[in-house]
Amino acid sequence: MQQTLERKQIKNIDFNCDLAQSFGVYRNNSEYNLLDYVSSVNISCGFHAGDPATIKEAILAAKEKNIVVGAHIGFDDIQGFGYRPMDLDEDEIESLVMYQVGALMSFAKAYGLEIEHVRPHGAMYKMAAEDFTFACAVANAIKKCSNWLVYYGASGDVTEKVGEYVNIPVAHEICLEKSYNDNGSIDFTADDIENTNVSISRLKELLNNSQVMNNACGKTVVKADTIHFTNRISNSLELIKQAREIITPVPVNYKNAYASGWVE
């Protein structure tokens, strides 16, 4: 059952996007177009995408822009780009998560950085949004890498309960191009919204009232700590530029510090 949430204005929120979504000869440089507008990036770790040279390039680009770095983890499925679900036991989940997070941690350390969060990709993201047991396995593996890493998950009850059960900091994520069910979960069967005006209206509703339009023609109150901007839609650059004019994003840890009163 969805917990009862109060409508409130959101004054601080993170914008995140993915980097290193390339592998070998398959290049995707358009993702760097979003880098000037986000406050955190999720860098692929070599499973669903990313190779050593691409990861290094992404780390250095984020450092130059002074943007928070996180690990973008997925299934070992290069051909399917991580969008095909896999049936893994808890030990296998732990191994693939720790391998990827550990690799990015090493890259970051070599260049004087620390990673602050971990975001699942593709099929792993969808499974973690819907399957509490699977999400806990992912979160437990992340926590073994560091107690300080923030788990980025789809906004909703599953992510909330995982945070409480595993005792790991979580960030509830909203995607402006996604359709939402009336309980606040993502409708993964719906096509992405590629109308900038519609998405900007949804952003304003989210910031003013912490609500998203749902597919039952109503509004649902949600938790929102970060907004994911994908470069897979045709209007991605236009959308994030307009979003940045409405609010200046801040990293999740800054947002939490602000809420606690440590910064003003």
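Residues Leu88 and Val97 share a single hydrophobic cluster, defined by chaining ILVMFWY side chains whose heavy atoms lie under 4.5 Å apart. Note on Ile200: it clusters hydrophobically with Tyr37, by side-chain heavy-atom contacts below 4.5 Å among ILVMFWY residues. Cluster annotation: Ile67 is connected to Tyr32 through the hydrophobic network of ILVMFWY side chains, with a link wherever side-chain heavy atoms come within less than 4.5 Å. At a threshold of 4.5 Å between side-chain heavy atoms, the hydrophobic network of Ile, Leu, Val, Met, Phe, Trp and Tyr places Val118 and Leu113 in one connected group. Under the 4.5 Å side-chain heavy-atom criterion for Ile, Leu, Val, Met, Phe, Trp and Tyr, Ile168 and Val68 are members of distinct hydrophobic clusters.
Asn231 CG to Leu34 CG: the interatomic distance, rounded to the nearest 0.5 Å, is 6.0 Å. A distance of 10.5 Å separates CG of Asn12 from CG of Leu207, quoted to the nearest 0.5 Å. With rounding to the nearest 0.5 Å, the separation of CG in Asn16 from OG in Ser39 is 7.5 Å. Between the NZ atom in Lys65 and the CG atom in Leu35 there is a gap of 6.0 Å [rounded to 0.5 Å]. Interatomic distance, Leu149 CG to Lys144 NZ, rounded to the nearest 0.5 Å: 14.5 Å. Separating the OG atom in Ser234 from the CG atom in Asp192 is a distance of 10.0 Å, to the nearest 0.5 Å.
Counting all heavy atoms, side chain and backbone alike, Asn140 lies closest to Val166 at OD1-CG1, 3.4 Å. Listed here is the closest heavy atom pair of Ile115 and Gly70: CB-CA, 4.4 Å. Of all heavy-atom pairs spanning Met86 and Phe75, the tightest one is SD-CB, 3.3 Å. Taking all atoms of both residues into account, the shortest heavy-atom contact from Ile174 to Val222 is CD1-CG2, 3.8 Å. When all heavy atoms of Leu96 and Gly74 are compared, the pair lying nearest together is CD1-O, 3.8 Å. His228 approaches Glu177 most closely through the heavy-atom pair O-OE1, 4.1 Å.
A salt bridge links Arg119 with Glu173: the closest approach of a Lys/Arg side-chain nitrogen to an acidic carboxylate oxygen falls below 4.0 angstrom.
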Run the numbers on Glu116 and Val252 for side-chain contact (heavy atoms from CB on, under 4.5 Å), then give the verdict. CA-CA 9 Å; Glu116 295 192 13; Val252 167; over 6 Å; no
Derivation and outcome, side-chain contact (heavy atoms from CB on, under 4.5 Å), residues Ser146 and Met105: CA-CA 10 Å; Ser146 170; Met105 278 182 158; 3.8 Å; yes
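Remark: the backbone N or O of Tyr111 is paired with a side-chain donor or acceptor of Lys63 at under 3.5 angstrom. Asp51 places a side-chain N or O within 3.5 Å of a backbone atom of Thr54 that can act as its donor or acceptor partner. Remark: side-chain polar atoms of Tyr180 are paired, donor with acceptor, to backbone N or O of Cys175 under 3.5 angstrom. At least one donor-acceptor pair closer than 3.5 Å links the side chain of Ser106 to the backbone N or O of Gly102. Side chain of Ser155 to backbone of Lys223: a donor-acceptor contact under 3.5 angstrom is found. Checked by atom type and distance alone, the side chain of Asn208 pairs as donor or acceptor with a backbone atom of Lys204 at under 3.5 Å. Not a single donor-acceptor pair under 3.5 Å links the side chain of Ser210 to the backbone N or O of Val221.
Counting non-hydrogen atoms of neighbouring residues, nucleotides and ligands closer than 6.0 angstrom, the CD atom of Glu205 exceeds 12 such neighbours. With a 6.0 Å radius and a threshold of 12 heavy atoms from other residues, nucleotides or ligands, Glu194 has its CD atom above the threshold. With a 6.0 Å radius and a threshold of 12 heavy atoms from other residues, nucleotides or ligands, Asp89 has its CG atom above the threshold. With a 6.0 Å radius and a threshold of 12 heavy atoms from other residues, nucleotides or ligands, Glu6 has its CD atom at or below the threshold. Within 6.0 Å of CZ in Phe132 there are more than 12 heavy atoms belonging to other residues, nucleotides or ligands. The environment of Lys143 atom NZ is dense: over 12 non-hydrogen atoms of other residues, nucleotides or ligands sit within 6.0 angstrom.
Side-chain contact between Cys45 and Tyr99 is absent, with no heavy atoms from C-beta onward closer than 4.5 Å. Using a 4.5 Å cut-off on side-chain heavy atoms (C-beta onward), Val138 and Ile93 make contact. In this structure, Ile59 and Leu104 have side chains that are in contact, with non-hydrogen atoms separated by less than 4.5 Å. Put simply, the side chain of Ile186 reaches to within 4.5 Å of the side chain of Tyr125, judged on heavy atoms. At least one side-chain heavy atom of Gln242 sits less than 4.5 Å from a side-chain heavy atom of Glu238. You'll find the side chain of Ile227 reaches within 4.5 Å of the side chain of Phe229, heavy atoms only. In this structure, the side chains of Ile193 and Ser179 come closer than 4.5 Å at one or more pairs of heavy atoms. Phe107 places none of its side-chain heavy atoms less than 4.5 Å from the side chain of Ile43.
A donor and an acceptor atom, one from each side chain of Asp225 and His172, are nowhere located under 3.5 Å apart. In the model, Asp14 has a side-chain atom that pairs as donor or acceptor with a side-chain atom of Thr226 under 3.5 Å. Residues Asn42 and His117 have side chains that bring a donor and an acceptor to within less than 3.5 angstrom of each other.
Ring orientation note: the planes of His121 and His48 are close to parallel, at an angle under 30° on the 30°/60° scale.
Looking at Asn183, Asp182, Thr220 one by one, the single match for side-chain hydrogen bond (donor to acceptor under 3.5 Å, both in side chains) with Asn214 turns out to be Thr220.
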